[in-house]
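Take a look at the structure below.
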Amino acid sequence: MLSNNQERRRYFRITDQVSITYCVLGGGDTAVTGMNLSTPTTLFIQLENQINASLETLKMVQPQVHELFALFNRKINLAFSLDETLTEPVAEQQKRSQQVNISACGIAFPTNEQLQVNDRILLDMTLFPSNIGLKLVAVVIACDVLHEPVGEDGFIVRADFEGISSSEQEVLVQHVIKRQTQ
């Protein structure tokens, strides 16, 4: 058992600005995990995250090769961004940039909706400044009233990521480390 003074977290947490939206998954969505979201955009994001994780490893070993692959990746991403047929329609709830508390295993963020403990939510996030997108399933572990609301947001949701892949977790670890050093 941990004493009150011992750290219980598995990963470092940071307060960061991200672009985020979420939706509550209904009972019929119980099979949804981060890896089962197979829209073309989601698959593209997952592939981009794997590429970025590999590029980070390559950066240490072969910086010049890393730079070349990073440039090719940016060029391909630019070409895809010009193709409007690859973009999905705008979701009901627009992504908005907001301050969150994030780690490789969970997130806390303000919202205008009170969620219930054990609600499963689908998070759609973009990390800055890398613009890496993540679609992750999370389980709400707490939703408390904010004593000082943030705009229209009167609640703070705390959630643990569920079914997160090792590559997605590595993206979050690398992001947290980079933001800590900044």
Side-chain angles (χ1 to χ4, degrees), residues 6-23 32-88 90-91 94-110 121-139 141 157-182:
Q6 287 179 312
E7 180 62 45
R8 295 180 295 142
R9 295 188 176 129
R10 298 171 293 201
Y11 296 97
F12 288 108
R13 288 191 164 276
I14 60 166
T15 299
D16 196 14
Q17 195 77 14
V18 302
S19 179
I20 186 171
T21 189
Y22 72 92
C23 65
V32 175
T33 66
M35 295 305 291
N36 291 335
L37 304 170
S38 57
T39 66
T41 301
T42 302
L43 294 173
F44 181 81
I45 288 168
Q46 289 175 348
L47 183 58
E48 181 68 18
N49 294 340
Q50 290 172 339
I51 289 169
N52 285 324
S54 294
L55 282 173
E56 282 303 313
T57 303
L58 186 61
K59 188 177 190 177
M60 304 295 196
V61 182
Q62 293 283 331
Q64 291 173 322
V65 175
H66 162 268
E67 183 178 357
L68 178 63
F69 282 132
L71 289 170
F72 275 124
N73 192 40
R74 285 176 41 201
K75 182 178 180 181
I76 291 168
N77 288 345
L78 178 61
F80 276 118
S81 71
L82 298 175
D83 185 354
E84 293 177 7
T85 63
L86 293 176
T87 60
E88 292 180 343
V90 177
Q94 293 284 335
K95 267 191 187 180
R96 63 181 177 148
S97 181
Q98 67 183 42
Q99 198 170 57
V100 302
N101 189 273
I102 191 166
S103 76
C105 63
I107 189 168
F109 61 94
I121 55 177
L122 175 61
L123 297 165
D124 186 355
M125 298 184 295
T126 302
L127 306 175
F128 301 121
S130 63
N131 288 323
I132 293 175
L134 293 171
K135 286 194 179 188
L136 302 171
V137 174
V139 177
I141 59 171
V157 172
R158 292 176 183 81
D160 284 339
F161 299 131
E162 177 183 88
I164 187 169
S165 71
S166 59
S167 63
E168 291 166 328
Q169 199 161 50
E170 183 61 26
V171 166
L172 286 169
V173 167
Q174 292 299 320
H175 175 75
V176 168
I177 290 170
K178 282 181 186 175
R179 299 300 282 168
Q180 279 181 323
T181 58
Q182 290 175 350

With a 4.5 Å limit on heavy-atom distance, are the side chains of [X] and [Y] in contact?
X: Leu172; Y: Ile102; value: yes
X: Ser19; Y: Arg96; value: no
X: Ile51; Y: Phe69; value: no
X: Leu127; Y: Leu134; value: yes
X: Glu162; Y: Leu136; value: no

Just to verify, what does Thr57 make a side chain to side chain contact (heavy atoms under 4.5 Å, CB included) with, not counting sequence neighbours?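 For Thr57 there are no side chain to side chain contact (heavy atoms under 4.5 Å, CB included) partners, ignoring immediate neighbours.
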Non-hydrogen atoms of [X] and [Y] that approach each other most closely:
X: Leu55; Y: His66; answer: O-CD2, 2.9 Å
X: Ala138; Y: Leu123; answer: CB-CD1, 3.9 Å
X: Gly106; Y: Arg13; answer: O-NH1, 3.8 Å
X: Ile121; Y: Ala159; answer: CD1-CB, 4.3 Å
X: Pro110; Y: Gln98; answer: O-NE2, 3.1 Å
X: Ala104; Y: Val173; answer: CB-CG2, 3.5 Å

Among pairs that include at least one residue of [range], which meet salt bridge (charged side-chain N to carboxylate O under 4.0 Å, His left out), considering only residues two or more places apart or in two chains?
range: residues 172-182; result: Asp16-Arg179, Glu56-Lys178
range: residues 63-72; result: none
range: residues 97-109; result: none

side-chain hydrogen bond (donor to acceptor under 3.5 Å, both in side chains) with [X]: which residues, sequence neighbours excluded?
X: Thr15; value: Asn101
X: Gln62; value: none
X: Ser97; value: Gln17
X: Ser54; value: none

Please report the interatomic distance [atom1]([X]) to [atom2]([Y]), rounded to the nearest 0.5 Å.
X: Asp124; Y: Thr21; atom1: CG; atom2: OG1; value: 7.0 Å
X: Gln64; Y: Leu58; atom1: CD; atom2: CG; value: 11.0 Å
X: Gln169; Y: Cys105; atom1: CD; atom2: SG; value: 7.5 Å

A quick test of your reading: do over 12 heavy atoms of other residues, nucleotides or ligands sit less than 6.0 Å from CZ of Phe128?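 Check passes, neighbour count above 12.
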Audit row: Val18, Gln99, side-chain contact (heavy atoms from CB on, under 4.5 Å) steps and yes/no: CA-CA 6 Å; Val18 302; Gln99 198 170 57; over 6 Å; no
Under 3.5 Å, is there a donor-acceptor pair between the Ser165 and Glu168 side chains?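 Short answer, yes.
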Set of residues satisfying ring pair (Phe, Tyr, Trp, His ring centres under 6.0 Å) with respect to Phe109, sequence neighbours excluded: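 Residues passing ring pair (Phe, Tyr, Trp, His ring centres under 6.0 Å) with Phe109: Tyr22.
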